[in-house]
Asker: 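Attaching a single structure in structure tokens format; questions to follow.
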Amino acid sequence: MSPAEENAVRTSARNGWLLSTPALVVLTFAAAGPLLIVLVYSFLTPGQHGNVIWEFSTGGWVGILWSKDIFTGEWALADAHLSIFWRSLWLSLLTTVFTFVVGFPTAWFIATRAPKERALWLFLITIPFWTNLLIRTYAINEVLRKEGLMNTVLMGLGITDTPIEVLYTPTAIFIGMTYVYLPLMVLPLFAAIDRFDMKLLEAAYDLYASRWRVLRRVILPIVKPGIVAGSILVFVPSLGAYVTPRVLGGGKQMMIGNFIELQFLQGKNWPLGAALSMLLLMIVMVALLVYVRYANKGSSGHG
């Protein structure tokens with residue numbers, strides 16, 4: 001490359017950075033700035049009535065796993081915190097698995113329809129996004145409550161004589177999150193299946209492969225990027241869910257998002273709330289890194 005060409009490349013790169021400067025400034029102050037404040041707060045001392053005292057302390061991070069007895073001053077493992085973490089993790093994983101179990105056949109059905117029918121089914125799948133999350137959650141609340149639709153139908157059919165207690169349980173949160181996040185699994189799966197070459201199925205059957213082997217050896221490896229993308233899109237918001245556990249859990253079945261809100265408001269322990277927020281952010285970042293890794297593997301393998 002000649003010196004003139006090198007100068008042209010440098011000038012083009014410099015102009016590109018200059019053009020992106022407004023976006024970088026907005027990103028820094030609107031995203032990185034608040035995160036930096038939360039990170040700093042996590043290493044400060046809690047005030048008596050909320051806010052923070054500008055004294056360095058690791059109490060916020062220690063308080064994630066350990067709690068101090070107000071009478072004896074002894075430190076003990078924070079069982080309540082661990083139970084909240086565990087509940088958030090297994091409910092998020094269960095929601096991800098179940099949305100995949102339901103979403104994969106749904107996406108396959110839509111992808112194998114005629115183009116006109118396909119557009120209609122995709123339209124129906126996206127309809128829930130037209131409604132606010134809070135309204136959808138209260139709709140599930142009306143279905144699951146004692147006098148709700150579910151118990152009315154079950155008692156009307158004679159399946160049960162008394163209402164089933166589902167509301168304000170982990171089951172209610174699981175049902176609500178599955179309903180809310182199911183489209184986020186279906187759409188990436190549909191995009192992956194829509195690019196699937198159906199001739200590969202004919203070739204597999206010609207080689208006397210069973211349906212299970214075709215699914216396991218042919219279909220799932222090819223649509224794997226869609227599975228990973230859908231899983232991330234469901235797992236990440238499920239882990240940090242606030243509205244659904246608050247409405248359907250009734251404050252009895254707390255998840256990480258509700259626990260963070262509790263520390264900033266009623267608990268008046270802003271450093272602990274900030275540390276929990278940063279911990280949640282780190283978990284999400286790890287999940288996204290896993291997605292990027294598998295996405296890169298899938299693209300390189302396809303290439």
Side-chain angles (χ1 to χ4, degrees), residues 24-93 95-96 133-134 137 168 170 173 176-177 181 232 234-291:
L24 292 174
V25 171
V26 172
L27 184 63
T28 300
F29 285 97
L35 288 177
L36 181 61
I37 293 174
V38 173
L39 178 62
V40 172
Y41 272 29
S42 68
F43 287 101
L44 297 179
T45 303
Q48 293 183 353
H49 306 289
N51 213 323
V52 292
I53 299 174
W54 288 87
E55 297 177 0
F56 178 80
S57 172
T58 57
W61 290 94
V62 173
I64 294 177
L65 295 178
W66 301 90
S67 60
K68 188 176 183 180
D69 191 286
I70 59 175
F71 298 106
T72 63
E74 295 181 354
W75 289 90
L77 196 64
D79 297 336
H81 298 183
L82 295 178
S83 65
I84 292 173
F85 296 149
W86 173 242
R87 183 186 301 118
S88 303
L89 182 61
W90 75 261
L91 277 176
S92 301
L93 290 173
T95 300
T96 303
L133 173 62
L134 183 61
T137 304
Y168 307 142
I173 299 175
M177 292 199 302
Y181 299 123
I232 293 297
V234 173
F235 178 77
V236 169
S238 297
L239 189 63
Y242 171 78
V243 173
T244 303
R246 183 71 179 85
V247 174
L248 301 181
K252 300 178 181 179
Q253 305 296 331
M254 196 175 297
M255 292 181 64
I256 294 179
N258 311 106
F259 190 44
I260 293 173
E261 181 260 353
L262 179 67
Q263 299 307 316
F264 277 104
L265 297 182
Q266 290 91 343
K268 308 297 183 183
N269 193 340
W270 289 19
L272 177 57
L276 289 167
S277 302
M278 296 307 299
L279 177 63
L280 180 61
L281 177 63
M282 287 187 285
I283 295 174
V284 170
M285 288 179 63
V286 170
L288 292 177
L289 289 175
V290 171
Y291 163 67

Asker: If I take atom CG from residue Leu276 and atom CZ from residue Phe264, how far apart are they, to the nearest 0.5 angstrom?
Answerer: 8.5 Å

Asker: What are the two closest heavy atoms between Leu44 and Ile53, and how far apart are they?
Answerer: CB-O, 3.7 Å

Asker: Just so I know, are the side chains of Asn258 and Tyr242 near enough to count as touching, which here means a heavy-atom distance under 4.5 Å?
Answerer: yes

Asker: Distance from Leu91 atom CG to Thr96 atom OG1, nearest 0.5 Å?
Answerer: 10.5 Å

Asker: Is the shortest heavy-atom distance from the side chain of Trp61 to the side chain of Phe43 under 4.5 Å?
Answerer: yes

Asker: Measuring only between side-chain heavy atoms, which start at C-beta, is Leu89 closer than 4.5 Å to Phe235?
Answerer: yes

Asker: Do Pro271 and Asn269 touch side chain to side chain, with heavy atoms closer than 4.5 Å?
Answerer: yes

Asker: To check you understand the geometry: which heavy-atom pair defines the closest contact between Tyr181 and Ser238, and what is its length?
Answerer: CD1-OG, 3.3 Å

Asker: State whether the number of non-hydrogen atoms from other residues, nucleotides or ligands found under 6.0 Å of Gln266 atom CD is greater than 12.
Answerer: yes

Asker: Provide the closest heavy-atom pair for Ala80 versus Ser83 in the form atom of the first, atom of the second, distance.
Answerer: O-OG, 2.6 Å

Asker: Using 0.5 Å steps for rounding, measure from the CG atom of Leu279 to the CD1 atom of Ile64.
Answerer: 5.0 Å

Asker: Got more than 12 heavy atoms from elsewhere within 6.0 Å of CZ, Phe29?
Answerer: no

Asker: Looking at every non-hydrogen atom in both residues, tell me the closest pair between Ser42 and Ala274 and how far apart they are.
Answerer: N-CB, 3.7 Å

Asker: Roughly how far, to the nearest 0.5 Å, is CG of Leu65 from CG of Asp79?
Answerer: 11.0 Å

Asker: Under 3.5 Å, is there a donor-acceptor pair between the side chain of Ser57 and the main chain of Thr45?
Answerer: no

Asker: For the CD1 atom of Ile283 and the OG atom of Ser92, what is their distance to the nearest 0.5 Å?
Answerer: 9.5 Å

Asker: Indicate the atoms forming the closest heavy-atom contact of Gln253 with Arg87, along with that distance.
Answerer: OE1-NE, 3.3 Å

Asker: Going by heavy atoms in the side chains, are Val40 and Val52 under 4.5 Å from each other?
Answerer: no

Asker: Does some side-chain heavy atom of Ser88 sit less than 4.5 Å from a side-chain heavy atom of Ile84?
Answerer: yes

Asker: Once the angle between the rings of Tyr41 and Trp54 is folded into 0 to 90°, is it parallel (under 30°), tilted (30 to 60°) or perpendicular (over 60°)?
Answerer: perpendicular

Asker: Given 3.5 Å as the limit, does a donor-acceptor pair link the side chain of Thr244 with the main chain of Met177, or not?
Answerer: no

Asker: Looking only at heavy atoms, what is the nearest atom pair of Leu272 and His81, with distance?
Answerer: CD2-CE1, 4.3 Å

Asker: Could you grab the distance from atom CG of Leu82 to atom CG of Leu77, nearest 0.5 Å is fine?
Answerer: 5.0 Å

